[in-house]
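These notes are about the structure you will find just below.
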Amino acid sequence: MRLKIANIKTGTDPKQWAIFSRQELIHKHIDEHGMVNPIVVDSEGNLQFGGCRLQYAVLREWDEIDAIVCDDLDEITKLQDEQSLFEYTFLEERYIERKQQGQ
């Protein structure tokens with residue numbers, strides 16, 4: 001589904017978020033390959049994860065972004081694990097914050 005970026009709730013303005021090396025790599029990957037994964041929000045529009053992707057869209061003044069709406073915490077964790085595994089394919093090891101159980 002596509003959501004209006006103005007309707008996504010975060011604690012602070014994504015334009016003000018710092019851009020560290022990890023975010024730069026994710027932004028570069030989006031430049032080169034497009035937005036591969038959607039962000040995840042709950043049914044009230046609160047961002048659950050995908051902050052780097054949302055920041056990318058806000059900084060480029062997009063009106064909308066692909067999103068999954070989910071309130072099930074187990075499903076949110078599963079989606080986050082799947083998307084983290086994808087990021088492992090292009091992030092340098094030092095920028096990988098989440099590890100799968102058993103890794």
Side-chain angles (χ1 to χ4, degrees):
M1 109 182 298
R2 303 264 313 158
L3 289 180
K4 293 274 186 198
I5 289 178
N7 294 336
I8 299 168
K9 299 171 191 165
T10 61
T12 57
D13 181 355
K15 287 183 181 177
Q16 304 303 318
W17 296 348
I19 299 178
F20 299 105
S21 297
R22 180 181 183 278
Q23 285 87 340
E24 287 176 355
L25 289 171
I26 291 172
H27 291 187
K28 181 180 178 205
H29 189 270
I30 295 169
D31 283 339
E32 294 172 357
H33 303 283
M35 186 80 63
V36 177
N37 289 315
I39 64 169
V40 177
V41 298
D42 65 18
S43 59
E44 296 180 8
N46 297 299
L47 181 68
Q48 298 300 303
F49 67 92
C52 289
R53 285 165 270 160
L54 177 61
Q55 180 185 47
Y56 178 94
V58 167
L59 292 174
R60 283 150 183 82
E61 300 180 352
W62 292 7
D63 292 324
E64 296 181 329
I65 191 169
D66 288 331
I68 296 172
V69 178
C70 184
D71 289 313
D72 180 324
L73 293 177
D74 290 334
E75 184 65 19
I76 288 171
T77 300
K78 179 182 167 198
L79 289 165
Q80 188 174 21
D81 287 345
E82 290 171 0
Q83 291 187 14
S84 293
L85 279 176
F86 171 76
E87 288 179 354
Y88 294 173
T89 65
F90 65 87
L91 286 180
E92 298 172 22
E93 180 67 27
R94 64 185 172 169
Y95 300 122
I96 296 173
E97 298 161 2
R98 272 181 66 86
K99 293 285 188 188
Q100 290 285 48
Q101 286 186 340
Q103 285 188 343

Compare every heavy atom of [Y] with every heavy atom of [X], then report the nearest pair and how far apart it is.
{"X": "I76", "Y": "C70", "answer": "CD1-O, 3.4 Å"}
{"X": "R53", "Y": "P38", "answer": "NH1-O, 2.6 Å"}
{"X": "G50", "Y": "I39", "answer": "O-CG2, 3.4 Å"}

Is there a chain of hydrophobic side chains (I, L, V, M, F, W, Y, each step under 4.5 Å between heavy atoms) that links [X] to [Y]?
{"X": "L3", "Y": "W62", "answer": "yes"}
{"X": "M1", "Y": "L54", "answer": "yes"}
{"X": "I19", "Y": "I26", "answer": "no"}
{"X": "V69", "Y": "M35", "answer": "yes"}
{"X": "I68", "Y": "L47", "answer": "no"}

Residue pair [X] / [Y], side-chain heavy-atom distance below 4.5 Å:
{"X": "R2", "Y": "D66", "answer": "yes"}
{"X": "V40", "Y": "Q80", "answer": "no"}
{"X": "E87", "Y": "R22", "answer": "yes"}

Quick one: do L25 and H29 satisfy side chain to side chain contact (heavy atoms under 4.5 Å, CB included)? Show the steps, please.
-> CA-CA 6 Å; L25 289 171; H29 189 270; over 6 Å; no

Using ring-ring contact (aromatic ring centres under 6.0 Å, His included) as the criterion, point out the one residue from F90, F20, Y56 that pairs with H27.
->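 So, applying the ring-ring contact (aromatic ring centres under 6.0 Å, His included) to H27 and each of F90, F20, Y56, only Y56 qualifies.
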
Could you state the interatomic distance from CD (Q23) to NZ (K28), rounded to the nearest 0.5 Å?
->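 Answer for the CD-NZ pair, Q23 versus K28, is 15.5 Å.
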
Go through the steps to decide whether I8 and I65 satisfy the test side chain to side chain contact (heavy atoms under 4.5 Å, CB included), and finish with yes or no.
-> CA-CA 10 Å; I8 299 168; I65 191 169; 3.7 Å; yes

What do you reckon, is CD of E32 surrounded by more than 12 foreign heavy atoms closer than 6.0 Å?
->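 Enclosed.
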
Please tabulate, one pair per line, all N/O donor-acceptor pairs under 3.5 Å involving side-chain atoms of residues 10-17, not counting sequence neighbours.
residue, atom, partner, partner atom, Å
T10, OG1, T12, O, 2.5
T12, OG1, W17, NE1, 2.6
D13, OD1, K15, N, 2.9

